[in-house]
Engineer: 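I have a structure I would like to understand better, so I am pasting it below and will then ask my questions one at a time.
Note that the structure is predicted; figures quoted are calculated from it, not measured. Quick note: residue numbers are just sequence positions, from 1. Just so you know, ligand 1 is whichever comes first in the structure, and atom 1 is the first atom listed for that ligand.
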Amino acid sequence: MTARIIDGKAFSAKVRAEVATGVAALKASHGITPGLAVVLVGEDPASQVYVRNKGKQTVEAGMASFEHKRDTSITEDELLALIDELNADPAVHGILCQLPLPTHIDEARVINAITPEKDVDGFHISNVGRIATGQDAMVPCTPLGCLMMLRDHHGSLSGMNAVVVGRSNIVGKPMAQLLLRDSCTVTIAHSRTTNLAEVCREADILVAAVGRPEMIPGDWVKPGATVIDVGINRLDNPPGSEKPTRLVGDVHFESAAAVAGAITPVPGGVGPMTIACLLANTLVSCCRANGADAPSGLTA
Ligand code: GUN
């Protein structure tokens, strides 16, 4: 069997087009432009690339983009004051504080200072609780993107056996909650799980979010399963290769694609969905703040 490739690049373009249509409709009906504020502390190169891409795609969707770059010398109080300013700014409907933050700043304190309605990352403790209890919430972007692709591929996920490998607050835990809400039977596995291979082999839906390059080989995949690879890892190529490095996921793509029913590639799978869902969350936040209906396909 050769798996169907789930094309996150094409899917994210569709989501972004839907967001752009929603933004244009909101401008026409309410005269409001959704605005996304991104806070970046320090010079981490990967974070700088993310933030640049976010800003570009925000503007392309017709939204306002506000970037707040600060030096690593910023104090926690100064950062909290900036968050307060953005909370109070009516032109800002979404606030994202790029992680990781420098170690002298308490990340949880900063995240929980964001008004939950503007927390387009879905990391605020109130949004975490609302997701866990089945209430309307801001849903973390990467798990939301995975869920959209799974629903698009399967229709209903009800009754499926889902295994999420990874227990991070950003991906693993919220992913498990969303799958549970869609009536999957959910297992959260991680690096300490005994018999991880056997646990993975039970999965109709296998979500890999551990951050270890090519850790999951094809013989851990149940024949016909859907594999969602959240990992983005950069590996060195052998000397003399055309490019010095390459991106790989947490799943060994070739061997898994030979067994799975469907699989997301790296790059071009989950990655592009994350920013598309950030734009979707910003639009949804703006709609809710102004009593307008949010496009139904863009929420969890
Ligand atoms: N750093 C890496 N991924 C993310 C994300 O999704 N949101 C934020 N705020 N920071 C990140």
Side-chain angles (χ1 to χ4, degrees), residues 8 12 15-16 36-58 65-70 72 74 76 79-80 82-83 86-87 92-103 105-128 131 137-149 164 166-175 177-178 207-212 228-234 247 249-250 266-267 269-282 284-285 300:
S12 68
V15 173
R16 281 184 279 119
L36 172 64
V38 175
V39 178
L40 175 62
V41 179
E43 313 261 305
D44 177 61
S47 293
Q48 284 179 325
V49 172
Y50 281 139
V51 168
R52 203 176 317 126
N53 286 338
K54 281 170 193 164
K56 185 167 164 274
Q57 293 188 27
T58 304
S65 170
F66 309 102
E67 279 183 20
H68 297 269
K69 295 189 177 165
R70 294 292 185 273
T72 40
I74 191 171
E76 188 175 293
L79 187 54
L80 290 169
L82 171 59
I83 299 289
L86 299 173
N87 283 339
V92 172
H93 305 94
I95 302 169
L96 180 147
C97 185
Q98 185 70 26
L99 303 179
L101 288 169
T103 48
I105 294 175
D106 180 347
E107 271 183 10
R109 199 156 170 234
V110 173
I111 288 165
N112 291 325
I114 297 171
T115 299
E117 289 77 15
K118 293 189 178 187
D119 167 39
V120 281
D121 257 328
F123 295 165
H124 190 287
I125 197 75
S126 144
N127 282 315
V128 175
I131 293 169
M138 280 291 140
V139 174
C141 304
T142 301
L144 177 58
C146 296
L147 186 73
M148 283 182 181
M149 290 193 286
V164 179
R167 53 179 157 174
S168 70
N169 292 335
I170 294 182
V171 183
K173 287 179 199 160
M175 186 75 252
Q177 290 291 353
L178 294 180
V207 181
V210 269
R212 293 213 200 155
I228 304 291
D229 191 351
V230 181
I232 301 176
N233 311 287
R234 193 167 284 284
L247 289 180
D250 292 347
V266 178
V270 174
M273 289 299 289
T274 298
I275 296 183
C277 288
L278 176 67
L279 304 181
N281 277 351
T282 306
V284 168
S285 167

Engineer: Please list the nearest protein heavy atom to atom 3 (N) of ligand 1 with its residue and the distance rounded to 0.1 Å.
Structural biologist: Q98 NE2, 4.5 Å

Engineer: State the atoms of ligand 1, each with its element, that fall below the 4.0 Å cut-off from a heavy-atom position in F123.
Structural biologist: 7 (N), 8 (C), 9 (N)

Engineer: Starting from atom 1 (N) of ligand 1, which protein heavy atom do you reach first, and at what distance in Å?
Structural biologist: L99 O, 2.9 Å

Engineer: Tell me: protein heavy atom nearest atom 7 (N) of ligand 1, and distance?
Structural biologist: D121 OD1, 3.1 Å

Engineer: Tell me, yes or no, whether the heavy-atom count around R212 atom CZ, taken from other residues, nucleotides or ligands under 6.0 Å, exceeds 12.
Structural biologist: no

Engineer: Can you measure from CE (M138) to CG (L278) and round to the nearest 0.5 angstrom?
Structural biologist: 10.5 Å

Engineer: Does ligand 1 have an atom that lies less than 4.0 angstrom from a heavy atom of C97?
Structural biologist: yes

Engineer: Hey, which of S168, P143, C141 is the one that makes side chain to side chain contact (heavy atoms under 4.5 Å, CB included) with P174?
Structural biologist: P143

Engineer: Give, for atom CG of L82 and atom CG of L86, the distance between the pair rounded to the nearest 0.5 Å.
Structural biologist: 4.5 Å

Engineer: Do V128 and N169 make a side-chain contact, defined as non-hydrogen atoms from C-beta onward lying under 4.5 Å apart?
Structural biologist: no

Engineer: More than 12 non-hydrogen atoms from neighbouring residues, nucleotides or ligands closer than 6.0 Å to OH on Y50, yes or no?
Structural biologist: no

Engineer: Which of the atoms in ligand 1, numbered in the order shown and given with their element, are less than 4.0 Å from a heavy-atom of L96?
Structural biologist: 9 (N)

Engineer: Determine whether the side chain, the backbone, both or neither of P100 has a heavy atom under 4.0 Å from any heavy atom of ligand 1.
Structural biologist: neither

